[in-house]
Amino acid sequence: MTRRGIDLTALDSAGLFYGRQTLCLLATAQGIPCVEIIDNPCFGYRGIHLDVSRHFFPVETIFRLLDEMARYKLNKFHFHLADNGGWRIRIDAYPLLTRLGAFRTESDWLEWWSYGDRHYVPEDTPGAYGGYYTKEEIRRIVAYAAERFIEVIPEIEFPGHSDEVFAAYPELCCSGRAYTSGEFCVGNPLSLKFMDEVLTEVLELFPSKYIHIGGDEAPKTRWKECPKCQARMREKGLKNEEELQGWFVLQAIDFLKKHGKTAIVWNESLNSGMMPKDIIVQRWMDKKDRSVEFANNGGKMIVSEFYYYYCDYPYGMTSLKKTYSLDPYIKGLTEEGKKNVFGVECPIWTEYIRDFDRLSYMCFPRFWAVAEAGWTKRENMDCESFEERFEALRPMLENIGIKPAPRSDWNPNPLRCLSELRKFFKGTANLPDIKNMIHNNHA
Ligand code: ACM
Ligand code: ZN
């Protein structure tokens, strides 16, 4: 940039786009500073994750989020389309998924999930709460994202977190009855047929190289008593239910591979010890560090560390400083393992987030902190500078209706942490060790 003009050069059109984004961030009412910037990202994968199952968000909200991602050069949108809160994408081969599994009796998660009469209701029930994306809407989202150099990565969960599927097709779970909180019945050939057919339609809609197939938090207790699941274990020579999950996930991985796609799985899928190296593991909660071992041995890992990156928890548990502080080259990685850190992703789960205002309070500025970890070399990162730069942009954000958390909320003192956590966890289904969390937030 000189007094005479602006020169922008890049190796590809994404680079030019990011250059323009930087220019926009530099522009103020006083003009654009005269600077030279030579820049490139640390990681090719810089993502956020949005759960649209626990609360459904309309297309316009997704567009706003994509705009904000682009502003900070995030390039992967992990779209969590299926979970216990409701099924969110039209699938022609299984129309009941959206007819019977996308709406529920109650908008409030705690009422519905923990205390209430946990039922999904048909789409046309008066007062039904929920929604889903038509295929046309999905195509619009994918196109809108592509214009901003963002790849939309859909997630369809296997084998757990699928109560909404069984509400519509109970024959797919071990008991054959809805609302029994199990996983897909892996011994039932219909489950494999479902997986293939749903993924086929998903692949028609999403051109992304990566498809997320879940794999987290599956207790698998029902598999122990299910004759079909036990028969499958014998047939395939599998030693335990963990291996049965591994086998099931491998079927999806192979299906995707045949279609030229790469699977992403949550870190629990590594428990079976059966995952091939050419998939990508997303680390969120991995006390045994299997994902680190996976990366050290040549597999790719996305870092989404629970205690640092989960934006659905209050700032009193995960302060901005804490989010900003995480070096994606996490402990235990060898030099080889560091090369296999594929990137970073900041998840937001929406059990207790039902509208864009709450979403923007929780995500901004934490999403941007993770975006910076994805782009900027660690030695050039500085939290105070980040805070100042974010504040400088606040008026522009507020002008377009985005309401980031006020600066006074970003890094609460221990007393305030305690009161925030008490309030938050009183209103949720989990009761964790709050003292430990406060300690962690200030460690
Ligand atoms: C997860 O938060 N269950 C991936
Ligand atoms: Zn079964």
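Every number for a ligand or one of its atoms is a count from 1 in the order of the listing. Positions are given from 1 along the sequence.
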key: 2.8 Å cut-off met by an N, O or S atom of Cys173 to the Zn ion (ligand 2)   = no

key: Selection from Asp312, Asp216, Asn267, Asp83 by shortest heavy-atom distance to atom 3 (N) of ligand 1   = Asp216

task = Say whether Glu217, considering both its backbone and side-chain N or O atoms, lies within less than 3.5 Å of an N or O atom on ligand 1.
result = yes

task = To the nearest 10 degrees, could you say what angle the Zn ion (ligand 2) makes with SG of Cys174 and SG of Cys226?
result = 110°

key: Trp349 and ligand 1 - part of the residue with a heavy-atom distance under 4.0 Å   = side chain

key: Proximal ligand 1 atoms for Tyr310, defined as those under 4.0 Å from one of its heavy atoms   = 1 (C), 2 (O), 4 (C)

task = Answer with yes or no whether the side chains of Tyr120 and Glu164 bring together a donor and an acceptor at under 3.5 Å.
result = no

ask   = Looking only at side chains, do His212 and Gln282 share a donor and an acceptor under 3.5 Å apart?
value = yes

key: Within 45° cone of Tyr144 ring axis and under 6.0 Å: Arg148 NZ or CZ   = yes

query = Hey, is the main chain of Thr318 close enough, under 3.5 Å, to the side chain of Arg366 for a donor-acceptor pair?
reply = yes

Interatomic spacing from CH2 in Trp87 to OH in Tyr132 - rounded to 0.5 Å = 13.5 Å

